[in-house]
Amino acid sequence: MEFLGMYHYWVFAVLLMIGFYAVVAKVNLVKKLIGLSIFQAAVFLLYITMGKVSGGTAPILPDDAPAQLVSNPLPQVLILTAIVVGISTTALGLGIVVRIKEEYGSIEESDIQEIDRL
Amino acid sequence: MTVLFGVFLLTLLVITAIAIVRTKNLFVAVMLLGIFSLLIAANFFVLDAADVALTEAAVGAGISTVLFLGALALTSEFERTPTRRRGLSLAVVVCATLVVLYATFDKPTFGDPNAPVHQHVAPWYLENEPELIDIPNVVTAVLGSFRGYDTLGEVFVVLTAGIGVLFLLSARPGAGARGRQAARDGSRIGLQNDVIPRVVGRMLVPFILLFGLYVQFHGEYGPGGGFQAGALIAAAFILYALIEGEERTLEVLPRNTLIALAAGGALLYGAVGIAGILMGAEFLNYSVLASDPITGQQWGIILIEAGVGMTVSGVLLLVFHAFAARDQA
């Protein structure tokens, strides 16, 4: 259990930074948004990992067995709503990218800066 | 066994993420992102978060893939420019990774029931939920009632993002769009010429809708609720649109109905809150909605979950149609 726990946190760190790398190093705007999605998913994973209780089950308490050990419902609630808000904001970002493509004819950051400089 | 499974899933997750960042083909990257979402949903499931897994599978693997593909159709499929200042970026990222990894050594042990995160309000929720609200799914109870303000805020964020996309994409297409029109004419009827997706897809649509309604109305008892149901129902209509073309979907569910659905859901949520005030309690206190407080709480949760489902499905479909209409303009 100890190793699995540390492994969860390490995967969180690595995923977070893979997403971060895509956001800072990639020039293509869609790729940046994909990187942001990975970054976001890493944060979700961290929250859900922290909510886990050893030996627990999903936080659903049936009437016949109300006293069982369950994982923490609170991080799950936060992440549940964050996922849907995340897709809405990603959609907004994609909308902006589509408009940029229509105005500039490119979604490469370098081209856009080039055009702006002229 | 669980350890092995967990390690396997997490390793696959990292491999997929690296493949997503490395590929130059954005279509491949989006497809891999769908797989990534599915893998992380499986991970959430292993970590006891059934509700979150359901949401991630419906939203991440389903709808976000479709939206990214819609955006790719309007932009370009390949990354042209190579990565800029790769060495510098890599150095920054590696340093940041080391800092985060260093921080993970201070984290509480995985699964420790005495970790700080389990000490604050969560035990109170778990202890008092059966007598205050009395529905089996604690996640739904916390989402709908204990943290109703948060959820109301999230619903309005979703609505605002939807309005933003509509504003961005319903403006008159500029000069760039006209040139594309000729190229797009042939491909706009979706999968109408492919027999297998048509037959199988059409058979699936009613079942996805049925499952969406089940998830909506069974959210108090099992994993589910408005967010998941909204995403599933939107996914059913998007599948229909991909098979039969966008116009036929708009005939079934016109754009004005979708706008009414999206705004009406948020309004319904707010109205339930105001009804609480009018009946002599605080905003979003459902206890007064029925003669006995527990029934009132349950009614309140059912109503606000319906509102959430309406807004989420309405907004996701509006966003999808906004991208699809842009494609045909």
Side-chain angles (χ1 to χ4, degrees), chain A residues 1 4-5 7-9 11 13-15 17-18 20-22 24-28 30-31 34 38 41 48-50 52-54 56-62 66 71-74 76-77 79-81 83-85 87-92 94-99 101-103 105 107-108 110, chain B residues 3 6-7 10 14 17 21 26 29 33 40 44 47-52 55-56 59 63-64 67 71 74-75 79-81 83-84 89 93 96-97 100-101 104 107 109-111 113 117-118 122 130 136-139 142-143 147 151 154 157-158 161 164-165 168-169 174 176-177 227 312 319:
Chain A
M1 222 44 174
L4 183 64
Y7 197 67
H8 267 103
Y9 293 134
V11 167
V14 170
L15 284 182
M17 287 308 146
I18 291 174
F20 182 53
Y21 174 76
V24 293
K26 295 291 169 179
V27 184
N28 187 293
V30 174
K31 202 59 174 284
I34 291 177
I38 297 178
I48 300 296
T49 308
M50 292 199 303
K52 168 81 179 162
V53 174
S54 306
T57 94
I60 294 170
L61 307 169
S71 287
N72 193 340
L74 193 55
Q76 300 190 10
V77 173
I79 295 313
L80 174 63
T81 48
I83 290 175
V84 180
V85 170
I87 180 69
S88 309
T89 46
T90 306
L92 196 63
L94 286 172
I96 294 173
V97 170
V98 167
R99 293 289 294 127
K101 166 77 177 179
E102 285 172 3
E103 294 301 321
I107 52 167
E108 312 282 328
S110 47
Chain B
V3 175
V7 170
L10 290 169
V14 173
V21 174
L26 291 174
L33 194 64
I40 208 161
F44 291 155
L47 293 170
D48 296 343
D51 285 272
V52 185
T55 318
E56 177 67 33
V59 168
I63 291 169
S64 111
L67 289 184
L74 291 167
T75 53
E79 233 179 299
R80 282 192 297 104
T81 327
T83 309
R84 249 185 331 182
S89 313
V93 167
T97 312
V100 180
L101 282 178
T104 61
K107 291 201 87 26
T109 322
F110 174 66
V117 65
H118 305 306
N137 190 347
V138 186
V139 173
V142 176
L143 181 104
R147 303 194 71 89
T151 313
E154 317 264 2
V157 170
V158 171
V165 173
L168 277 170
L169 292 185
F227 285 99
V312 170
V319 168

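In what follows, every chain begins at residue 1, and chains take the letters A, B, ... in the order their sequences are listed.
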If you count heavy-atom pairs under 4.5 Å between each of B/Ala50, B/Ala71, B/Gly6, B/Ala29 and chain A, which one has the most? B/Ala71

How long is the gap from OH on A/Tyr7 to CZ on B/Phe110, to the nearest 0.5 Å? 13.5 Å

Between A/Asn72 and B/Asp48, is any pair of side-chain heavy atoms under 4.5 Å apart? no

Tell me, side chain or backbone of A/Thr81 under 4.5 Å from chain B's heavy atoms, or both, or neither? both

Is B/Val100 close to A/Met17 at the side-chain level, that is, under 4.5 Å between some pair of heavy atoms? yes

How long is the span from the OG1 atom in B/Thr75 to the CZ atom in A/Arg99, to the nearest 0.5 Å? 14.0 Å

If you tally heavy-atom pairs under 4.5 Å between each of A/Val77, A/Thr49, A/Val24 and chain B, the highest tally belongs to A/Val77

CA sep, side-chain torsions, deciding dist, call: B/Glu154, A/Val84, side chain to side chain contact (heavy atoms under 4.5 Å, CB included): CA-CA 8 Å; B/Glu154 317 264 2; A/Val84 180; over 6 Å; no

Under the ring pair (Phe, Tyr, Trp, His ring centres under 6.0 Å) rule, collect the residues that match up with A/Phe20, sequence neighbours excluded. none

B/Arg80 vs A/Asn28 side-chain heavy atoms within contact, under 4.5 Å: no

For residues B/Pro113 and A/Val53, report the shortest heavy-atom separation together with the two atoms involved. CB-CG1, 4.0 Å

Enter the distance from B/Leu67:CG to A/Ile87:CD1 here, rounded to the nearest 0.5 Å. 5.0 Å

Most contacts with chain B, counted as non-hydrogen pairs under 4.5 angstrom, among A/Thr90, A/Ile96, A/Val14: A/Ile96

For the pair B/Ser89 (side chain) and A/Ala25 (backbone), establish whether a donor and an acceptor sit closer than 3.5 Å, ignoring hydrogens and angles. no

Search all heavy atoms of A/Leu61 against all heavy atoms of B/Pro130 and return the closest pair with its distance. CD1-CG, 4.3 Å

Among A/Thr89, A/Ile79, A/Val85, single out the residue with the greatest number of heavy-atom pairs under 4.5 Å to chain B. A/Val85

Given heavy-atom pairs under 4.5 angstrom as the criterion, report whether the side chain, backbone, both or neither of B/Val117 touches chain A. both

Could you tell me the separation between the OG1 atom of B/Thr55 and the CD atom of A/Gln76, rounded to the nearest 0.5 Å? 10.0 Å

Nearest-0.5 Å distance, NE2 of residue B/His118 to NZ of residue A/Lys52: 10.0 Å

side-chain contact (heavy atoms from CB on, under 4.5 Å) partner of A/Pro59, the single match among B/Val139, B/Val142, B/Asp51: B/Val139

With a 4.5 angstrom heavy-atom cut-off, is it the side chain or the backbone of A/Leu94 that approaches chain B, or both, or neither? both

Given that the side chain runs from C-beta out, which part of A/Ile83 has a heavy atom under 4.5 Å from chain B: side chain, backbone, both or neither? both

If you count heavy-atom pairs under 4.5 Å between each of B/Val52, B/Val138, B/Leu47, B/Leu33 and chain A, which one has the most? B/Leu47

Sub-4.5 Å side-chain heavy-atom contact between A/Val98 and B/Leu168: no

If you look at every heavy atom in B/Val21 and A/Lys31, which pair is closest and at what distance? O-NZ, 3.1 Å

